[in-house]
Amino acid sequence: MNSAFGGSEKIWINAQIATMNPQVKTPYGLLKDHALGVKNGTIALITPMQDLDINDFQGEIIDAQQQYLTPGLVDSHTHLIYGGQRSAEFSKRLHGATYEEISRAGGGILSTVNATRALGEDELAEQARPRLEALIHEGVTTVEIKSGYGLTFEDELKILRTAKKLAADFPIRLRTTLLAAHAVPPEYINDSDRYIELVCKEMIPLVATEGLADAVDVFCEKIAFSPAQSELVFAAAQKAGLGIKVHAEQLSNSHGAELAAGYSAWSVDHLEYLDEAGIKAMKKSGTVATLLPGAFYFLGETKKPPVELLRQYQVPMALASDLNPGSSPLASLLLMLNMGCVLFGLTPEEALQGATRHGAMALGSEKQIGTLSVGRNADMVLWNIEDPAQLAYQFGTDLLVQRIFAGDISHA
Ligand code: DI6
Ligand code: FE
């Protein structure tokens, strides 16, 4: 293979490349009329068309016809493995019950826990499959999946194993997160400290040794776990060498974000009630603020996350689907781009950053994915658009021309 092409086996030519690389000082890191070459699943070459004598190239040539290439989308926060569905609870809410009331009455997360415990790995995977397929079909190339609907040692492991088995059937990168501290299990309702001890002393060390999870997450909230309990989980995760994430400041301000930042968390997620002290701490630790507009929308929240302050402190903002049966049964990351703009006031560029580079940072994976630059994984999407802002602007039409995973065209 000709070395002028960086050893590329395959080259996309005549492309508008929205690299999302901050070192490229144009909106979206845009490189107009460029070519991108791929070798062994990674990006081997990015060069202006005018510098390329494509006649000498012996590999496969794909003409992008001046369409836009972006990094593959990264959905950095989902709970997509669960049993059953909660439309009855949706109806109850529309008759006036609140999410917290339903949760306190034993519905909510715990009803999904019962449905999830009742299923084996194969049945769970079958129920989750259409949700994963929906994300993949719109251009997601990396997905994070949390446990959290098992709440026993065995059921939490079952969810993580199911995630791995399911993802192995698809061209997708998977990151898994242990969210055993999602709700207090019914067996420990009067002794949540003892459950946290089980999570910290047994579950976290085991998932770390067995490579079942990349990170650990906690729901730090009045209806779930206290800041003191959350801190024990962060410390155990740190000791086990796992990434740290937290559901914080979703329904009230428990200062979970500040606490997690103190443990160099990869991300703190939700954040409607986040305050300036939390933002300062996140800035210091380089923690990503993951915004979840699907949950805000679906629960009819009115308090918005402090986007302007996050901007001022230059805290990176990720956008994710939070795909789950109770607060965001919405299997579309592109919809989140639209909601991030319309509901939270993000710019279309911030929205796309949130679902690419900043999503990658929220998974501790920015060296591998989330931007298009030489050496990164060749996970990309070719879109039929005239401006990258269209990805956030329009929803419901199929804009995807090619989905490319590790250099291979997986959908066209
Ligand atoms: N916050 C959420 O919005 C989801 N989990 C969490 O910690 C909701 C999960 C559910 O209602 O099933
Ligand atoms: Fe969540």
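First listed ligand is number 1; within each ligand, the first listed atom is number 1. We're numbering straight along the sequence, starting at 1. Quick caveat: nothing in here was measured; it's all calculated off a predicted structure.
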Measure from the Fe ion (ligand 2) to each N, O or S atom of His270 and report whether any distance is below 2.8 Å.
no
Heavy-atom contact check, 4.0 Å cutoff: does Thr112 meet ligand 1?
no
Tell me whether ligand 1 is touched by Glu221 - counting only heavy atoms on the residue side and a distance under 4.0 Å.
no
Salt bridge check, Lys146 against Glu144: does any charged N sit closer than 4.0 Å to a carboxylate O?
yes
For ligand 1, which atoms, with element, lie under 4.0 Å from some heavy atom of His270?
1 (N), 2 (C), 3 (O)
Quick one: are the ring centres of Phe170 and Phe405 less than 6.0 Å apart?
no
Indicate, as side chain, backbone, both or neither, the part of Asp322 found under 4.0 angstrom from ligand 1 when only non-hydrogen atoms are considered.
side chain
Of all N/O/S atoms in His77, which lies nearest to the Fe ion (ligand 2)?
NE2
What I want to check is whether the side chains of Ser8 and Lys39 have a donor and an acceptor closer together than 3.5 Å.
no
Checking a contact table here: which protein heavy atom is nearest atom 2 (C) of ligand 1, and how many Å away?
Ser327 OG, 3.4 Å
With heavy atoms of Tyr149 as the reference, note each atom of ligand 1 found under 4.0 Å away.
9 (C), 10 (C), 12 (O)
Please find the pair of heavy atoms, one from Leu274 and one from Ala257, that lie closest to each other, and give the distance.
CD1-CB, 3.6 Å
What is the name of the N/O/S atom in His79 that sits closest to the Fe ion (ligand 2)?
NE2
Is it true that the NZ or CZ of Lys303 lies under 6.0 Å from the centre of Tyr273's six-membered ring and within 45 degrees of the ring axis?
yes
Would the distance check show the side chain of Glu60 and the main-chain N or O of Ile11 forming a donor-acceptor pair, the cut-off being under 3.5 Å?
no
Counting only heavy atoms not in Glu386, do more than 12 sit closer than 6.0 Å to its CD atom?
no
With ring centroids as reference points, do Phe296 and Phe344 lie under 6.0 angstrom apart?
yes
Give me the nearest non-hydrogen protein atom to atom 1 (N) of ligand 1 as residue plus atom name, then the distance to 0.1 Å.
Gln250 OE1, 3.0 Å
Can you tell me if, anywhere in Asp217, an N/O/S atom lies at a distance from the Fe ion (ligand 2) that is smaller than 2.8 Å?
no
Should Asp269 and His247 be marked as a side-chain hydrogen bond (donor to acceptor under 3.5 Å, both in side chains) after you check the CA-CA gap, both sets of side-chain angles, and the distance that decides it?
CA-CA 5 Å; Asp269 304 34; His247 285 63; 5.9 Å; no
Look at atom NZ of Lys92 and say whether more than 12 heavy atoms of other residues, nucleotides or ligands are closer to it than 6.0 Å.
no
So which protein heavy atom does atom 5 (N) of ligand 1 come closest to, and at what separation?
His182 NE2, 2.8 Å
Hey, which atoms in ligand 1 end up nearer than 4.0 Å to a heavy atom of His247?
1 (N), 6 (C), 7 (O)
contact_flag Tyr99 ligand 1 heavy-atom lt 4.0 Å:
yes
Need the atom name: nearest N/O/S atom of Asp322 to the Fe ion (ligand 2).
OD1
